[in-house]
Protein chains: 2
Amino acid sequence: MDQVTTDTPRRQPTLDEVAERAGVSRSAASRVINNAPHVSRAKREAVRRAVDDLGYVPNATARALATKQAGSVVLAISGDDPAMFADPFFAEVVVGVNAVLEETDLELMLSLATSTRGQARLEQLLRTHQAGGVMLMSLHGDDPLAALAQQASVPVVFGGRPLNIEARYYVDADNRGGARLATEHLIASGRRKIATITGRIDEGAGIARLQGFQDALAVAGLDNSLVEPGDFSEDGGGTAMGRLLDRAPDLEAVFIASDQMAIGALRTLARAGRTVPGDVAIIGFNDIPAARHTTPPLTTVNQPIEALGREMARMLLSLMSGKEPSPLILPTRLIHRDSA
Amino acid sequence: MDQVTTDTPRRQPTLDEVAERAGVSRSAASRVINNAPHVSRAKREAVRRAVDDLGYVPNATARALATKQAGSVVLAISGDDPAMFADPFFAEVVVGVNAVLEETDLELMLSLATSTRGQARLEQLLRTHQAGGVMLMSLHGDDPLAALAQQASVPVVFGGRPLNIEARYYVDADNRGGARLATEHLIASGRRKIATITGRIDEGAGIARLQGFQDALAVAGLDNSLVEPGDFSEDGGGTAMGRLLDRAPDLEAVFIASDQMAIGALRTLARAGRTVPGDVAIIGFNDIPAARHTTPPLTTVNQPIEALGREMARMLLSLMSGKEPSPLILPTRLIHRDSA
DNA sequence: TGGTCGACTGGAAGCGCTCCCGGTATCCGG
DNA sequence: CCGGATACCGGGAGCGCTTCCAGTCGACCA
């Protein structure tokens, strides 16, 4: 009974109703809602009163249609594996993005553009102007999305510098610097026979980390031929480590382009009877939570993931407000634990 | 030069333009876009041709305004810690949700309703009808959002059964059953002096896991007074374990309501010179990735997180299409590793 | 005191789409 | 050959909001 009378599915009140109740024109009401000038103090207050009497909330859709600007931005994760997003990395990015979006009144749409269907949906999203801007992450080499986004009519910022196109706006972590730091640390500890397991070399991060590795070896004048390709996965790291052991049973250290792979590598190392860091020193990359719990705890390079999210969002915001931000490279740093 | 002429920022073509070019009325054009009946084969084709000549894409906002139904749903995570979303748990939920949404043409909005600001934003989202439905997760006891969502005018499904309100639509994991399973396993292995570290007992999952623990102890006729409150965090688990050791130095097993806490507990156990599972057996909950890499690898109870996401989305979809789905409880299962 | 200026005000024209509805052409059985 | 279904078709009225614009009305200066 009460139910029925009290929360009868009342339509949301419209601006007209507010205006009528306040005894002003719709235009006037609109002005006070958007607190624009040119409305007398009296009317302004009348409208405000009407607004909370009625519990009025502006209809975002109508507003978007009228102003031709969407109230949301999208964070798109591109890739080929549907479950890739499960990587805690992205969750942290989201937290960062959210932190800055929360200050605005933009909503966040998430688009997992894995699968052809997903990509089509993202394209749709870009073209329908449903969103006011896009943050695009983790596309590999020949990702068609990059080009597509590039020519979209909304602002786009890339997370990680894309390789196949000339991106103007991106924020990236200093992957190359971090890899170099790690490798230098290995060298400084007296190791000479140093290998690497790379990430996917069709991704910017994978390439950059390999370059950093080579940089360090070059200045030290060391052999840099000991590289095995990986794919960022635990299993991939394990088998790559196996190949490395075959090629160079006497290796002393390996820089591994992701912690996941490092975990796999640790496992095959243990199986092969090698001690870490006694026989071989290991340094990973990413500083994932699990890295603290491996045996031994993994020395790794940390990147400011949440900051990356924050900066992407900030960059997009400034782009959307007509500015022309510069690309940003975020610092990485070595986390000393026990594996090196 | 080329630039300027080729991608001059052409406005997206409108339905009127398509209609004109195809030589039909706007209504007819609309019909073929939404492939509704009552349009001749000839016109239908003319329109289709015009559509891809012009590269027409319907404006989602206008459509939403006209039909009064939004093209998106929101996944809201409520809580008090802004970084809580970083828990890989949610990422996996998102993957599940995305999987089913991908089949539709609904977009996913993410709302991290941590912080007062965030909650206000979510409330806004609910009231402006920007979204066609909501999936709400992880609210603790007195979460105002639950009530708010309940009286929202859009369909709501809860992830995890909320405690302070009578929810009609929710999907949850069988936390109680899982906890019971774990505890029974402990008992079956011959342990008698069994303790638990609970999760937050203002959350449904926390309570249910405690109940499952007590269930098992009750049927075995064992003492169930050894419970220490935790908060789902690693540190919380560590200190709770400390308190347990003080209270009952001779305890033989402990069921811990989350892997994070179990990791903390493992650490203080090691510091106290206790071996696992020799001196004390440990079982965690959640089966997080890091649980495979602790020493010893953690026996834990797994819940089908991605499925939880999928089912929430499915339930929301059916709700939105006017059906009346029943609540769903997803099975949990024990993962045998080495800590028990 | 006439004229000018600027702060207000509300009417009205959209934004791009859907969908109701009255109207015309076509086709069928009887 | 005729009445009435049945397939099409396009006009037009919105959806709820913003924003341009022409018009009021005091205030203020010379």
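Just so it is clear: chains get the letters A, B, ... in the order the sequence lines come, proteins before strands, and each one is counted from 1.
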Which nucleotide in D:dG16, D:dC8, D:dT19 has an atom nearest any side-chain atom of B:Ser40: D:dC8

Sugar-phosphate, base or nothing in reach of A:Pro37, heavy atoms under 4.0 Å: nothing

Listed nucleotide nearest any side-chain atom of B:Ala62, set D:dC17, C:dT9, C:dG16: C:dG16

B:Ser25, nearest nucleotide to its side chain (from C:dG10, D:dG10, D:dA7): D:dG10

N-O pairing of A:Arg168 and A:Glu324 below 4.0 Å: yes

Sugar-phosphate, base or nothing in reach of A:Thr67, heavy atoms under 4.0 Å: sugar-phosphate

Upstream residue (5' side of DNA chain C) when B:Arg26 and A:Val39 are each assigned their closest nucleotide: A:Val39

OP1 or OP2 of C:dT18 under 4.0 Å from side-chain N/O of B:Ser30: yes

Closest nucleotide among C:dT18, D:dA7, D:dG16 to the A:Leu65 side chain: D:dG16

Main-chain N/O of B:Arg26 paired to B:Ser30 side chain as donor or acceptor, under 3.5 Å: no

Length of the line joining A:Arg41:CZ and C:dT9:P, which is rounded to integer Å: 13 Å

Among D:dC15, C:dC8, D:dC17, the nucleotide that comes nearest once only the side chain of A:Ala66 is considered: D:dC17

Nearest-Å distance for atom pair NZ/P, residues B:Lys43 and C:dT26: 12 Å

Exceeds 12 heavy-atom contacts within 6.0 angstrom, atom CZ of A:Arg314: yes

A:Leu15 CG to D:dC17 C1', straight-line distance once rounded to whole Å: 7 Å

Closest to the B:Asn34 side chain, choosing from C:dC17, C:dG16, C:dT18: C:dT18

Flag if over 12 foreign heavy atoms under 6.0 Å of CZ, B:Arg161: no

Presence of A:Lys68 side-chain N/O under 4.0 Å of C:dG16 phosphate oxygens OP1/OP2: yes

Protein-nucleotide distance (B:Gln69, atom CD; D:dG14, atom P), rounded to Å: 20 Å

Which nucleotide in C:dC17, D:dC9, C:dA7 has an atom nearest any side-chain atom of B:Arg31: D:dC9

Base D:dG11 paired with B:Ser27 side chain (donor-acceptor, <3.5 Å): yes

B:Glu107 bridged to A:Arg121 by N-O distance under 4.0 Å: yes

